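Notes follow the structure.
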Amino acid sequence: MSAKKIAIIGGTGLTQLAGPHNLQSHDINTPLGHPSGSVHSGEWNGAEVLFLARHGHPHSVPPHKINYRANLLALKQLGADVIVAVNAVGGIHPDMGAGVLAIPHQIVDLTWGRESTFFDGEHMPLDHIDFTYPFDEHVRQQLLVAAQDAGQPIADFGVVGVTQGPRLETAAEVDYLERIGCDLVGMTSMPEAALARELGIPYASVCLVVNPAAGRADGEITLDDIRAVLSSGMDKVCAVLEASLPRLQ
Ligand code: HPA
């Protein structure tokens with residue numbers, strides 16, 4: 001069997017990947033519009049990889065305006081066999097402090113008004129996917145072992161509450177998210193994870209906690225604080241990605 005092509009969707013703080021070489025840029029148009037930017041293909045640690053910056057490069061498309069369907073279709077068109085998403089998130093669970101890496105296992109979707117399915121009776125006929133376990137367990141496990149290989153401590157759990165954004169939450173909203181079981185809060189895992197499932201592409205996420213969620217630390221959440229965590233944190237994320245590639249092929 002030929003090796004798998006691994007797509008990486010970079011989030012806030014990861015609009016370019018330093019690792020891959022022999023890069024080619026692909027400007028893809030899909031029946032559902034343009035993705036957030038060019039998709040780059042290349043070789044990294046012996047694997048064929050695709051990279052797409054979810055918010056564009058430079059970072060400019062807000063979470064609720066991303067054409068998630070075009071992003072997923074573009075990766076499918078270029079032959080993605082596996083998708084690893086990278087998401088910057090807020091931490092709710094006491095173990096999810098700033099700088100922590102986590103491989104989440106569940107999602108609560110609180111987004112609204114986003115084009116969230118291919119099976120809308122227009123692009124494709126109506127269908128209902130199973131989404132009991134939104135992340136692919138095999139890919140999750142490979143990412144966890146890769147983190148170990150790379151010497152990066154990582155949390156092996158996380159229920160991600162996905163909010164609409166782009167504003168951050170109120171403290172009461174975060175209390176609510178905690179009560180309904182969320183450990184992390186982000187803005188972009190949905191509808192991305194569901195669309196990958198609809199296309200039959202195994203999908204998992206590497207989350208980097210970039211701030212304690214609203215009301216979980218003293219004072220306001222500042223972009224400066226987030227940026228400080230992002231720059232060192234994304235190096236750790238990239239180390240996990242690199243180590244995961246031979247395992248995901
Ligand atoms: N809330 C939602 N999304 C986020 C956060 C947050 O606190 N931090 C980074 N992405």
Side-chain angles (χ1 to χ4, degrees), residues 8-16 36 52-66 68 71 84-114 116 134-135 154-155 157-195 203-238 240-241:
I8 296 167
I9 303 181
T12 303
L14 192 67
T15 56
Q16 275 183 310
S36 302
L52 174 61
R54 184 187 289 118
H55 300 274
H57 175 64
H59 184 112
S60 56
V61 190
H64 63 295
K65 289 199 172 164
I66 291 168
Y68 293 92
N71 284 357
V84 179
V86 177
N87 302 84
V89 296
I92 300 175
H93 189 283
D95 292 351
M96 301 292 186
V100 166
L101 299 184
I103 306 296
H105 70 290
Q106 273 294 344
I107 289 177
V108 177
D109 183 13
L110 299 165
T111 64
W112 49 270
R114 303 181 182 191
S116 56
F135 298 108
I154 197 158
F157 70 97
V159 177
V160 191
V162 191
T163 57
Q164 179 71 353
R167 68 166 176 84
L168 300 175
E169 297 69 39
T170 67
E173 286 167 342
V174 172
D175 290 343
Y176 167 70
L177 289 171
E178 183 170 44
R179 281 200 300 277
I180 64 172
C182 297
D183 305 304
L184 302 163
V185 54
M187 299 175 191
T188 51
S189 300
M190 287 297 289
E192 198 173 270
L195 292 168
Y203 175 102
S205 157
V206 181
C207 286
L208 169 66
V209 180
V210 293
N211 58 280
R216 291 297 179 272
D218 291 338
E220 293 178 6
I221 301 166
T222 71
L223 275 187
D224 281 350
D225 292 343
I226 290 181
R227 278 195 204 104
V229 181
L230 271 176
S231 65
S232 55
M234 281 305 161
D235 290 346
K236 298 192 284 183
V237 170
C238 286
V240 174
L241 292 175

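Residue numbers count from 1 along this sequence. Start at 1 and go down the list; that is how both ligands and their atoms are numbered. Since this is a predicted model, take the numbers as computed values, not measurements.
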Counting only N and O atoms by type, is there a donor-acceptor contact under 3.5 Å from the side chain of [X] to the main-chain atoms of [Y]?
| X | Y | answer |
| --- | --- | --- |
| Lys236 | Val100 | no |
| Arg54 | Val86 | yes |
| Gln164 | Thr111 | no |

(message) Is the ring pair Tyr203/Phe135 parallel, tilted or perpendicular, if the boundaries are 30 and 60 degrees?
(response) parallel
(message) Quick one, Glu173 with Thr163, criterion side chain to side chain donor-acceptor pair (under 3.5 Å). Give me CA distance, side-chain angles, the key distance, then yes/no.
(response) CA-CA 10 Å; Glu173 286 167 342; Thr163 57; over 6 Å; no
(request) Output yes when the distance from some N or O of ligand 1 to some N or O of Thr163 is under 3.5 Å, and no in every other case. (result) no
(request) Compute the shortest N/O to N/O distance between Ala88 and ligand 1 and return yes if it is under 3.5 Å, no if not. (result) yes
(message) Among Asp109, Val162, Leu184, exactly one meets side-chain contact (heavy atoms from CB on, under 4.5 Å) together with Ser189. Which residue is that?
(response) Val162
Closer than 4.0 Å to some heavy atom of [X] - which atoms of ligand 1 meet that?
| X | value |
| --- | --- |
| Gly186 | 2 (C), 3 (N) |
| Leu168 | 1 (N), 5 (C), 6 (C), 7 (O) |
| Val210 | 8 (N), 9 (C) |

(request) Between Val89 and ligand 1, find which residue part has any heavy-atom pair under 4.0 Å and reply side chain, backbone, both or neither. (result) backbone
Starting from [atom], locate the nearest protein heavy atom and write down its residue, its atom name and how far away it is, to 0.1 Å.
| atom | result |
| --- | --- |
| atom 7 (O) of ligand 1 | Asn211 ND2, 3.0 Å |
| atom 4 (C) of ligand 1 | Val185 O, 3.6 Å |
| atom 5 (C) of ligand 1 | Gly90 N, 3.4 Å |
| atom 1 (N) of ligand 1 | Glu169 OE1, 2.7 Å |

(message) When you compare the side chain of Met190 with that of Ile107, does any pair of heavy atoms fall below 4.5 Å?
(response) yes
